Amino acid sequence: MYDPRQDLLTRFQSALTRVHGTAVTRAALSHLSGPHALAALGKAAPAMAMGARAIASLELTHSFIAAPRGYGDADHLGGHPVPDDSSLAAGAAFAAWLDALPHGLPLIALVSGGASACIEHLKPGHTLEELAARTRELLAFGVDIAEINAERGRWSQLKHGGARVFAGEREVVVWVLSDVPGDDLSVVGSGPFTPVAAKVLATNGDAARAIGTEHPIQKLAGDAAKQGKLIARLLRGAKSGIWVWGGETTVSLPATPGRGGRAQHLALAAAMELDGVEGIALLSAGTDGIDGNSDDAGALVDGGTVARMHDEGIDPVDALARADSNTALAAAGDLIHTGPTGTNVMDLVIARKD
């Protein structure tokens, strides 16, 4: 029997498969051969490194893999989204590793979102406490990733081309999984190897196109709650079929936020607009598999979501105001849990209208 909710989950998985770090890296680097050093940084670093290691013609004589904790096995695990002591340890180790590479050995650099926080090497005069406090402040205000990374770059010896300096006079080839609006590859991971020209492994657009829709793919940006309400209202008057939005929203947090993230915040707001509406289901999720401070990728809501929350004694209006979408969506049974996905290309909203 056809299940519209399962259809959305299947389409989301198709999108993740299209942009998985292992597959896209192996395809992009398949023409390379001979001795190289490999640096893989960010949420998709373990998956990207696996793709490079699967290329028989490549001899990876030196490697350095760094990822945020919770995103798979790596040589170095750092904090995210706020840098911590382990981020500093990873950054110092990375700088030393780059400096010690054999002269003339070409370097493959694979960069994905999350690299900014999980690996850090501060400039003299700056402290981790100051950087962490400033990062929390920017996140609470709902500042977008490009602005946050610009701020981080002023504190760091690795960002905005700093890692390129440590790498010395050698050939560096940079490949990037884009998690930033507009796919400005110099912004991903705060651009550790700029001005080396980066090449793209995959983007949010690649993931969105893999979903399959007869309607135009639309941009996702701005305040998550406002976007959730707007999308739900559009769907109520839209033609039938699959509708897709791709990009990244923001959330301004209250003083004491609950659990959740921007994808769940959007889903909860949409569910409130769809209360009692039949024939519409909406999936909102982060492609990295971990949304905000939760362990869930996002949520899949429909016209019965709010009623299921009320049955469990949850007020969705209060949950949205407290940025506690995870609690409310868990009560409704609407959370999506994938674990780390091996990629990171921003968020997707997939809706089906019968």
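Since the structure is predicted, the reported quantities are computational estimates derived from the model, not experimental observations. Because only heavy atoms are used, hydrogens play no part in the values below, and waters and symmetry mates are left out as well, while side chains stay in.
- In the model, Ser156 has a side-chain atom that pairs as donor or acceptor with a side-chain atom of Glu120 under 3.5 Å.
- The pair Glu214-Lys239 fails the salt-bridge criterion, with no side-chain N (NZ, NE, NH1 or NH2) lying under 4.0 Å from an Asp/Glu carboxylate O.
- Taking the six-membered ring where the residue is Trp, Tyr71 and His80 present perpendicular rings, their angle passing 60° and hence far from 30°.
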Quick one: do Asp179 and Val345 satisfy side chain to side chain contact (heavy atoms under 4.5 Å, CB included)? Show the steps, please. CA-CA 4 Å; Asp179 73 329; Val345 292; 5.8 Å; no
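- Other residues, nucleotides and ligands contribute at most 12 non-hydrogen atoms within 6.0 Å of the CZ atom of Arg26.
- Clustering ILVMFWY residues whenever any of their side-chain heavy atoms sit less than 4.5 angstrom apart, transitively, puts Trp97 in the very cluster that holds Ile119.
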For Leu185 and Val187, run side chain to side chain contact (heavy atoms under 4.5 Å, CB included): C-alpha distance rounded to whole Å, both residues' side-chain angles, the deciding distance at 0.1 Å, then the answer. CA-CA 5 Å; Leu185 303 187; Val187 174; over 6 Å; no
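- Evaluation of the ring-ring contact (aromatic ring centres under 6.0 Å, His included) rule for Phe12 yields no partner, not counting sequence neighbours.
- Applying the 6.0 Å contact sphere to CG of Asp73 captures no more than 12 heavy atoms from other residues, nucleotides or ligands.
- Shown here is Lys123, whose NZ atom has more than 12 heavy atoms of other residues, nucleotides or ligands within 6.0 Å.
- Annotation for His103: atom NE2 does not count as buried by contact number, only 12 or fewer foreign heavy atoms lying within 6.0 Å.
- Here the shortest heavy-atom pairing between Asn204 and Gly247 reads OD1-N, 3.4 Å.
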Could you please spell out the steps behind the side chain to side chain donor-acceptor pair (under 3.5 Å) verdict for Arg164 and Thr194? CA-CA 7 Å; Arg164 181 68 185 91; Thr194 56; over 6 Å; no
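- If you check the side chains of Arg259 and Thr327, you find no donor sitting under 3.5 Å from an acceptor.
- Here Leu230 sits in one hydrophobic cluster together with Leu234; the rule is ILVMFWY side chains under 4.5 Å apart, joined directly or through other members.
- A search for salt bridge (Lys or Arg N to Asp or Glu O under 4.0 Å) contacts involving Glu130 returns nothing, not counting sequence neighbours.
- Taking CG of Leu122 as the reference point, atom NZ of Lys159 lies at 8.0 Å (rounded to 0.5 Å).
- Considering only heavy atoms from C-beta on, Glu151 comes within 4.5 Å of Arg134 through its side chain.
- Taking all atoms of both residues into account, the shortest heavy-atom contact from Pro254 to Ala321 is CG-O, 3.9 Å.
- With respect to the salt-bridge test (charged N to carboxylate O, under 4.0 angstrom), the residues Arg5 and Asp334 qualify.
- Every residue two or more places apart in sequence or in another chain was checked for a salt bridge (Lys or Arg N to Asp or Glu O under 4.0 Å) with Asp315, and none qualifies.
- Of all heavy-atom pairs between Pro83 and Pro81, the closest is CD-O, 3.8 Å.
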I'd like a table of donor-acceptor pairs (distance under 3.5 Å, sequence neighbours excluded) in which one partner is a side-chain atom from residues 41-60, with atom names and distances.
residue, atom, partner, partner atom, Å
Lys43, NZ, Asp288, OD2, 2.6
Arg53, NH2, Ser63, OG, 3.3
Ser57, OG, Leu32, O, 2.6

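- Using a 3.5 Å distance cut-off with no hydrogens or angles, the side chains of Arg11 and Ser14 do not pair a donor with an acceptor.
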Could you please spell out the steps behind the side chain to side chain donor-acceptor pair (under 3.5 Å) verdict for Gln264 and Ser284? CA-CA 7 Å; Gln264 294 166 63; Ser284 173; over 6 Å; no
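- Here the OG1-CD1 distance, from Thr213 to Ile350, works out to 10.0 Å after rounding to the nearest 0.5 Å.
- Between Arg262 and Asp223, none of the side-chain N atoms (NZ, or NE/NH1/NH2) sits under 4.0 Å from a carboxylate O, so this pair counts as no salt bridge.
- Cluster partners of Leu266 are Leu220, Ile231, Leu235, Trp243, Trp245, Leu268, Met272, Leu274, Val277, Ile280, Leu282, Val301, Val306, Met309, Ile314, Val317, Leu320, Leu329, Leu335, Val349, counting Ile, Leu, Val, Met, Phe, Trp and Tyr whose side-chain heavy atoms approach within less than 4.5 Å, directly or via other members.
- Between the side chains of Thr10 and Asp7, no donor-acceptor pair of N or O atoms lies under 3.5 Å.
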So Asp291 and Ser294, side chain to side chain donor-acceptor pair (under 3.5 Å) or not? Walk me through it. CA-CA 6 Å; Asp291 182 36; Ser294 76; 5.1 Å; no
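- Ionic pairing of Glu273 and Lys229 is not present here: no N-O contact between side-chain nitrogen and carboxylate oxygen is shorter than 4.0 angstrom.
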